[in-house]
Amino acid sequence: MMEKMDKEMLEQVLRIFMRYGIKSMTMDDVSRELKISKKTLYKYVTDKADLVTKVLQFECDSDHEMVEKFAAESDSAIEELLRITHHIGEKVSAVHPSIHFDLEKYYPEAWEVFSNYKKNTAYRTVLANLKRGIREGYYRKDLNPEIMTRIHISRIDIVFDGELFPPSLFHFGDVFREMMTYHIHGIANEKGIELLKQKLKNDQIIKLSH
C-alpha cells in the first residue's frame, strides 16, 4: 500500500517545481533535492505524473484554507480581496515561467485538479466575496455576481499566457496584481474605493503593486 506524503515533503517538492519547472525535473533530480533515494520516493508515488498531481492537489487545498482564513479574519470584502491579492501575488511571483504550460501539455490529471479548483473552489470564493461586498455596501448594487464571477475566473489563465505576457518582459506577480487592481476598481462603488484608498494609505494591507 502506498505511503502518504507528509506536508513537509509536499512543500519541498512544490518549491522544487516552482524554482526549476516541472518538465525539466526528473525523479532522480527530485529525490536528490529531497535527499532521499528514488526507491524511497516511489513509496509515496507511482510515477512523476502522480507526484505532480499530489503536489498540485496539496497546493490547491492549502490555498483554499488560506483564503477561507482571510475571509473569516477580514473586516470587509475589500480587505479580503487585498489579502488574497498579496498572498497569491507573492506566490505566483516565484513560479517558474514554464509551469502552467507544462501542466496543461504533459500532466492532464494534475491539470484537471487545477481546472476543477478554478471551476468549483475559486468560483465559490469569488462569488461569496462579490455577494459580501454588495451586502456591505462596498460593491456596486447593479453587479450581476454570477456573470462577474465567471468573467473573473476566466482571466486566471491569462496571467500565465507566455505569448501575451512574455516572461522576459513581465513577472506573473505583477500581471496578477494588475488584474486584481482592475477587478476591484471595476466592482467597487465610491464607498468601496474610499475604503480601498484608506487601507492602502494607512498600510493596513500590503499594497496591490510594488
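As the structure is a computational prediction, the values presented were derived from the model and not from experiment.
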Got a sec: does the [atom1] of [X] have more than 12 other heavy atoms crowding it under 6.0 Å?
{"X": "Lys69", "atom1": "NZ", "result": "no"}
{"X": "Lys118", "atom1": "NZ", "result": "yes"}
{"X": "Glu190", "atom1": "CD", "result": "no"}
{"X": "His171", "atom1": "NE2", "result": "no"}
{"X": "Arg19", "atom1": "CZ", "result": "no"}

If you group Ile, Leu, Val, Met, Phe, Trp and Tyr by side-chain heavy-atom gaps below 4.5 Å, do [X] and [Y] land in one group?
{"X": "Phe172", "Y": "Leu164", "value": "yes"}
{"X": "Tyr106", "Y": "Phe160", "value": "yes"}
{"X": "Met27", "Y": "Tyr44", "value": "yes"}

Considering all heavy atoms, the nearest [X]-[Y] contact:
{"X": "Val92", "Y": "Gly173", "answer": "CG2-CA, 3.6 Å"}
{"X": "Lys141", "Y": "Ile134", "answer": "NZ-O, 3.8 Å"}
{"X": "Ile193", "Y": "Ala188", "answer": "CD1-CB, 3.8 Å"}
{"X": "Ser76", "Y": "Tyr138", "answer": "CB-CE1, 3.8 Å"}
{"X": "His64", "Y": "Tyr117", "answer": "N-OH, 3.7 Å"}
{"X": "Ile158", "Y": "Phe165", "answer": "O-CD1, 3.4 Å"}

Using a strict 4.0 Å threshold on nitrogen-to-oxygen distance, state whether Asp75 and Lys199 make a salt bridge.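 Yes, Asp75 and Lys199 are salt-bridged.
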
To the nearest 0.5 Å, tell me how far [X] [atom1] sits from [Y] [atom2].
{"X": "Ser31", "Y": "Ile16", "atom1": "OG", "atom2": "CD1", "answer": "9.0 Å"}
{"X": "Glu3", "Y": "Met9", "atom1": "CD", "atom2": "CE", "answer": "9.0 Å"}
{"X": "Thr53", "Y": "Trp111", "atom1": "OG1", "atom2": "CH2", "answer": "13.0 Å"}
{"X": "Asp102", "Y": "Glu104", "atom1": "CG", "atom2": "CD", "answer": "10.5 Å"}
{"X": "Glu194", "Y": "Lys201", "atom1": "CD", "atom2": "NZ", "answer": "10.0 Å"}
{"X": "Ser24", "Y": "Ile99", "atom1": "OG", "atom2": "CD1", "answer": "9.0 Å"}

Beyond-backbone contact of [X] with [Y], side-chain heavy atoms, under 4.5 angstrom:
{"X": "Arg135", "Y": "Arg132", "answer": "yes"}
{"X": "Gln57", "Y": "Lys54", "answer": "no"}
{"X": "Asn116", "Y": "Glu112", "answer": "yes"}
{"X": "Asp63", "Y": "His87", "answer": "yes"}
{"X": "Leu196", "Y": "Leu200", "answer": "yes"}
{"X": "Cys60", "Y": "Thr121", "answer": "no"}
{"X": "Glu73", "Y": "Glu79", "answer": "no"}
{"X": "Leu143", "Y": "Arg140", "answer": "yes"}

Any donor and acceptor pair, going by atom type alone, linking the side chain of [X] with main-chain N or O of [Y] inside 3.5 Å?
{"X": "Thr181", "Y": "Arg177", "answer": "yes"}
{"X": "Thr46", "Y": "Tyr42", "answer": "no"}
{"X": "Ser74", "Y": "Ala71", "answer": "no"}

Decide side chain to side chain contact (heavy atoms under 4.5 Å, CB included) for Phe114 and His100; before the verdict, give the C-alpha distance in whole Å, the side-chain angles of both, and the deciding distance to 0.1 Å. CA-CA 10 Å; Phe114 181 57; His100 195 267; 4.0 Å; yes

Assess, by modelled atom type and distance only, whether the side chains of Thr26 and Asp29 contain a donor and an acceptor separated by less than 3.5 Å.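 Yes.
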
Using the rule given for side chain to side chain contact (heavy atoms under 4.5 Å, CB included), can you reason through Tyr107 versus Lys23, listing the C-alpha separation, both sets of side-chain angles and the distance that settles it, and then say yes or no? CA-CA 9 Å; Tyr107 302 98; Lys23 188 68 169 62; 4.2 Å; yes

What do the steps show when you test Tyr139 against Asn129 for side-chain hydrogen bond (donor to acceptor under 3.5 Å, both in side chains), and what is the final call? CA-CA 10 Å; Tyr139 296 167; Asn129 179 268; 2.7 Å; yes

Just checking His96 against Phe17, ring centres under 6.0 Å apart?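 No, the ring of His96 stays outside the 6.0 Å limit from the ring of Phe17, centre to centre.
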
Walk me through whether Ile22 and Ser98 qualify under side chain to side chain contact (heavy atoms under 4.5 Å, CB included). CA-CA 8 Å; Ile22 300 174; Ser98 71; over 6 Å; no

Going through the distances and angles, do Met25 and Glu33 end up as a side chain to side chain contact (heavy atoms under 4.5 Å, CB included)? CA-CA 10 Å; Met25 294 298 289; Glu33 289 285 332; 4.2 Å; yes

Could you walk me through whether Glu146 and Tyr123 pass the side-chain hydrogen bond (donor to acceptor under 3.5 Å, both in side chains) test, one step at a time? CA-CA 9 Å; Glu146 295 281 352; Tyr123 182 92; 2.3 Å; yes

Report the residue from Leu41, Val45, Val55 that forms a side-chain contact (heavy atoms from CB on, under 4.5 Å) with Val30.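 Answer to the side-chain contact (heavy atoms from CB on, under 4.5 Å) test with Val30 among Leu41, Val45, Val55: Leu41.
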
